[in-house]
Visitor: 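Quick one: this structure, given as structure tokens, is what I'll be asking you about.
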Amino acid sequence: PKTGDCARYKSEILEAAARHGLEPELVMAVIQVESGFNNGLKSRAGALGLMQVMPGTARHMECDDDMYDAEENIECGCRVLRKYIDAYDGNIVYGLSAYNAGPGNTNPSKNESKAPFNFKYVEKVLRWRNVFVKSGCN
């Protein structure tokens, strides 16, 4: 599988992941699924940059204003992802679900045993995570 421009952003990913206690390969996978490593991307919903951070989320998380700055975008995206994983007691499946759909759109109880409605997104990220664990960021 083609991993976009992962190598171009590897040092920023490694630094931000370490700062937020995240596995770098998970961050790489989120970027791959969200933007394909296209830093200039803007979604129909208005999400920006590599990690597709919504401007409102960036403001709420007190991130830098420029979500097209790759370093700031990765930093902010990691901050958001860490918050959501922590909100679900370290459950990466629910944390990724909240990252993708917003915490209000993820299952209301972190104790529920059912998969989140956007499990296809979560599954895609986890598959890419495995690619990055196995093959690295080329």
Visitor: With side chains defined as the heavy atoms from C-beta onward, is the minimum distance between Val53 and Leu48 less than 4.5 Å?
Guide: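 No - every pair of side-chain heavy atoms lies 4.5 Å or more apart.
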Visitor: Check whether any side-chain heavy atom of Cys76 sits under 4.5 Å from a side-chain heavy atom of Met67, and report yes or no.
Guide: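 In short, these two side chains touch, coming nearer than 4.5 Å.
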Visitor: When Tyr94 is tested against each of Tyr88, Tyr84, Tyr99 for ring-ring contact (aromatic ring centres under 6.0 Å, His included), which residue passes?
Guide: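 Only one option passes, and that is Tyr88.
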Visitor: Is there side-chain contact between Tyr68 and Lys42, with heavy atoms separated by less than 4.5 Å?
Guide: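 With C-beta onward as the side chain, the pair touches.
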Visitor: Report the C-alpha separation of Asn100 and Glu34 in whole Å, then their side-chain angles, then the decisive distance to 0.1 Å, and conclude whether the side chain to side chain contact (heavy atoms under 4.5 Å, CB included) test is met.
Guide: CA-CA 9 Å; Asn100 174 249; Glu34 290 288 345; 4.0 Å; yes
Visitor: Using every non-hydrogen atom in the two residues, find where Gln52 and Ser43 come nearest and quote the distance to one decimal.
Guide: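 Nearest heavy atoms, Gln52 then Ser43: OE1-CB, 3.2 Å.
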Visitor: Hydrophobic clustering (ILVMFWY, side-chain heavy atoms < 4.5 Å, transitive) - are Leu41 and Leu50 grouped together?
Guide: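 Different clusters.
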Visitor: In Å and rounded to the nearest 0.5 Å, what is the CD to OG distance from Glu71 to Ser11?
Guide: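 One gets 7.5 Å once the value is rounded to the nearest 0.5 Å.
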Visitor: Which atom pair, heavy atoms only, marks the closest approach of Ala17 to Cys78?
Guide: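 Nearest pair, atom of Ala17 first, then Cys78: N-SG, 4.1 Å.
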Visitor: How many angstroms lie between atom CE of Met28 and atom CD of Glu23, to the nearest 0.5 angstrom?
Guide: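 Rounded to the nearest 0.5 Å, the CE-CD separation comes to 9.5 Å.
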Visitor: Between Ala101 and Asn118, what is the shortest heavy-atom contact and its length?
Guide: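 For Ala101 versus Asn118, the nearest heavy atoms are CB-ND2, 3.6 Å.
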Visitor: Would you name the heavy atoms of Asp64 and Asp66 that are closest together and state the gap between them?
Guide: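 For Asp64 and Asp66, the tightest heavy-atom pair comes out as OD2-N, 3.1 Å.
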Visitor: Quick one: pull up CG in Leu22 and CD1 in Ile92 and give me the separation to the nearest 0.5 Å.
Guide: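 Leu22 CG to Ile92 CD1: 8.5 Å, rounded to 0.5 Å.
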Visitor: Atom CG in Asp86, atom CG in Asn91: separation rounded to 0.5 Å?
Guide: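 It is 11.5 Å, given to the nearest 0.5 Å.
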Visitor: Can you hop from Val30 to Met54 via hydrophobic side chains spaced under 4.5 Å?
Guide: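 Hydrophobic grouping puts Val30 apart from Met54.
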Visitor: Less than 4.5 Å apart, any side-chain heavy atom of Glu75 and any of Glu12?
Guide: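 Sidechains of Glu12 and Glu75: no contact.
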Visitor: Contact between Lys134 and Asn130 at the side-chain level, heavy atoms closer than 4.5 Å - yes or no?
Guide: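 No; the side chains remain at least 4.5 Å from each other.
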Visitor: Between Ile74 and Ile31, is there a side-chain heavy-atom distance shorter than 4.5 Å?
Guide: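 Side chain of Ile31 against side chain of Ile74, heavy atoms only: contact under 4.5 Å found.
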Visitor: Grab the two heavy atoms, one from Gly46 and one from Pro55, that are nearest each other, plus how far apart they are.
Guide: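 Distance-wise, the nearest heavy atoms are O-CD, 3.3 Å.
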Visitor: I need the minimum non-hydrogen distance between Tyr121 and Leu96, along with the two atoms involved.
Guide: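 Closest heavy-atom pair between Tyr121 and Leu96: CE2-O, 3.5 Å.
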Visitor: If you group Ile, Leu, Val, Met, Phe, Trp and Tyr by side-chain heavy-atom gaps below 4.5 Å, do Val27 and Val133 land in one group?
Guide: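 Val27 and Val133: separate clusters.
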Visitor: Taking Arg79 first and then Glu62, would you say they form a salt bridge - that is, a charged N and a carboxylate O separated by under 4.0 Å?
Guide: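 Not counted as a salt bridge, because no side-chain N and carboxylate O are separated by less than 4.0 Å.
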Visitor: On the 0 to 90° scale, with breaks at 30° and 60°, tag the Phe37-Phe132 ring pair as parallel, tilted or perpendicular.
Guide: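 Rings of Phe37 and Phe132: perpendicular, as their planes differ by over 60°.
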Visitor: What distance separates Asp5 CG from Lys10 NZ, expressed to the nearest 0.5 Å?
Guide: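 That separation rounds to 14.0 Å.
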